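Position 1 is the first residue of the sequence; numbering continues from there. Being a predicted model, the structure only gives us computed values, none of them experimental.
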Amino acid sequence: MTATQVQVRAPGKINLALHVGPPRSDGYHPLATLFQAVSLYEDVLARPADEITLELRGRGTDLPTDAGNLAVRAAALLRETGGVDRGVHLTVTKQVPVAGGMAGGSADAAATLLACDQLWGTGLSREELAELAAELGADVPFALTGMSAMGVGRGDLLTPVMSRGTYHWVLAVQDEGLSTPHVFRTFDALAGHTVPSAAGPGSDVAGPGGAGDLAGPGGAGPRVDPGLLAALLSADPLVLAKHLSNDLQEAALDLRPELGDVLAAADRAGALAAVVSGSGPTVAALALDGPHAVSVAGVMRAAEVATEVLTVTGPVPGARVLEHVQGRR
Ligand code: C5P
């Protein structure tokens, strides 16, 4: 018996806080971030095939379907690692905005790893899948884990964080995305940072995992404010609202000044606080509860500052199998 069909769902994320340090010699930036997975999902259906092929539904139907797509790279990496000689046909149904700062592509990759692991019976542990995830991109491990987690290093070294209650968000989505590398480069330009050469002083390439100087006790890397961790335990959105922050917000606003109108509209609509998610351009506005989120969303829609205004909740679980159909091939 072998699996004939596996369906996996993985969530998008917002960054409740995102602290960014100057670039390392590999060009990556040391981060300290607090991820919350939210109820906007990527669904990946995996079926047996000879090659690795991909079909896109929902958003992003103009994205590449070859190795330029992170889901295809995820399947190829697992196939190589697991010594698998079969292929997969992937159908990815996207809800998460493309290039929106919500890690939709990373969720596709995480869901694909889990789906192909089940389809091919490679039987990797969650830890092994997380290692492959980190090779694929900085945000991919979190899409596997979900819920609430602190991320350091490139954002891929995760520690689960305790969070109480459910938070209600209004997401202002733009149809034109922002390029993450472009936002980081703009961040560097605004801060006057330059990328140190790999061989030069201050190189962190030889350090443990290239990130050991970021997370260890006494390390100089950015840190998540302990007040934010306490806020998540309070289950009180009014407390959480005081702790939302994003060091990339200024760079996103520099590249897309209209985001200032979105933040102002969220404020006028009565949101408790609003912040650009990750590298943007999605803006996440925090509401008091579900009905308040609906009301804030209505006012923000009327302000016509976004292509789409959605309501979501968080935290939600990471990548999980929704369906696993067994059959004879
Ligand atoms: O890891 P991922 O491919 O998702 O990152 C996309 C880009 O974002 C990187 O190529 C890099 O330019 C930038 N980035 C960064 N520092 C991080 C994470 C991402 O500079 N910690």
Side-chain angles (χ1 to χ4, degrees), residues 8-19 31-44 94-97 100-111 114 126 129-130 133 138-152 155-173 224-246 271-278 282-294 296-297 310-322:
V8 174
R9 167 167 283 190
K13 59 81 182 165
I14 54 184
N15 301 79
L16 306 182
L18 178 52
H19 305 287
L31 306 181
T33 189
L34 205 307
F35 292 111
Q36 185 178 95
V38 294
S39 59
L40 206 52
Y41 299 103
E42 301 287 277
D43 285 322
V44 172
K94 298 181 73 66
Q95 284 187 342
V96 179
M102 292 189 63
S106 300
D108 296 343
L114 190 55
R126 277 267 168 173
L129 289 175
D139 287 340
V140 184
F142 178 70
L144 274 180
T145 323
M147 302 309 285
S148 308
M150 188 164 67
V152 296
D156 56 335
L157 304 174
L158 299 175
T159 307
V161 161
M162 177 79 164
S163 176
R164 288 204 171 88
T166 293
Y167 295 92
H168 296 264
W169 300 93
V170 177
L171 300 177
V173 175
V224 166
D225 173 10
L228 171 56
L229 302 177
L232 287 172
L233 286 174
S234 76
D236 183 348
L238 287 161
V239 180
L240 178 61
K242 295 194 183 84
H243 293 277
L244 300 183
S245 74
N246 181 356
L272 306 181
V275 72
V276 168
S277 176
T282 306
V283 167
L286 183 60
L288 210 45
D289 52 24
H292 185 228
V294 170
V296 170
L310 308 170
T311 54
V312 297
T313 59
V316 299
R320 61 197 195 278
V321 177
L322 292 187

Side chains of Leu233 and Met162: does their closest heavy-atom pair fall under 4.5 Å? yes
Atom pair OG/CG of Ser148 and Leu158 - distance to nearest 0.5 Å: 11.5 Å
Main-chain N/O of Gly101 paired to Ser277 side chain as donor or acceptor, under 3.5 Å: yes
State the OG1-CD distance between Thr166 and Gln36, to the nearest 0.5 angstrom. 8.5 Å
Considering all heavy atoms of both residues, which atom of Leu238 and which atom of Asp236 are nearest to each other, and what is their separation? N-OD1, 2.8 Å
Can you find a pair of side-chain heavy atoms, one from His243 and one from Leu16, that are under 4.5 Å apart? no
What I'd like to find out is whether the side chain of Asp156 reaches to under 4.5 Å of the side chain of Val140, using heavy atoms alone. no
Heavy-atom closest pair (Pro315 atom, Gly165 atom, distance to 0.1 Å) is CD-O, 3.7 Å
For Ala319 and Pro11, work out which heavy atoms get closest and say how close. N-CD, 4.0 Å
Determine the minimum heavy-atom distance between Pro97 and Leu40, stating which atoms define it. CD-CD2, 3.8 Å
Contact between Leu286 and Val170 at the side-chain level, heavy atoms closer than 4.5 Å - yes or no? no
Please report the interatomic distance CG(Asp43) to CG(Asp108), rounded to the nearest 0.5 Å. 10.0 Å
Rounded distance [0.5 Å steps], CE in Met150 versus CG in Leu228: 10.0 Å
Keeping the roles fixed (side chain from Thr282, backbone from Gly100), state whether a donor-acceptor pair exists under 3.5 Å. yes
Checking side-chain contact (heavy atoms from CB on, under 4.5 Å) between Leu18 and each of Val275, Asn246, Leu244, which is the one that passes? Asn246
Between Glu42 and Gln95, is there a donor-acceptor pair closer than 3.5 Å when you use the side chain of the first and the backbone of the second? yes
Within a strict 4.5 Å, meaning less than it, do heavy atoms of the Leu34 and Leu229 side chains meet? yes
Tell me the closest heavy-atom pair linking Gly278 and Lys13, and the distance in Å. CA-NZ, 4.0 Å
Between Ile14 and Leu171, is any pair of side-chain heavy atoms under 4.5 Å apart? yes
Side chains of Leu232 and Tyr167: closer than 4.5 Å at any heavy-atom pair? yes
Looking at every non-hydrogen atom in both residues, tell me the closest pair between Leu272 and Ala241 and how far apart they are. CB-CB, 3.7 Å
Should Arg126 and Leu114 be marked as a side chain to side chain contact (heavy atoms under 4.5 Å, CB included) after you check the CA-CA gap, both sets of side-chain angles, and the distance that decides it? CA-CA 9 Å; Arg126 277 267 168 173; Leu114 190 55; 3.5 Å; yes
Taking the side chain as every heavy atom from C-beta outward, state whether Phe35 and Asn15 have any atom pair closer than 4.5 Å. yes
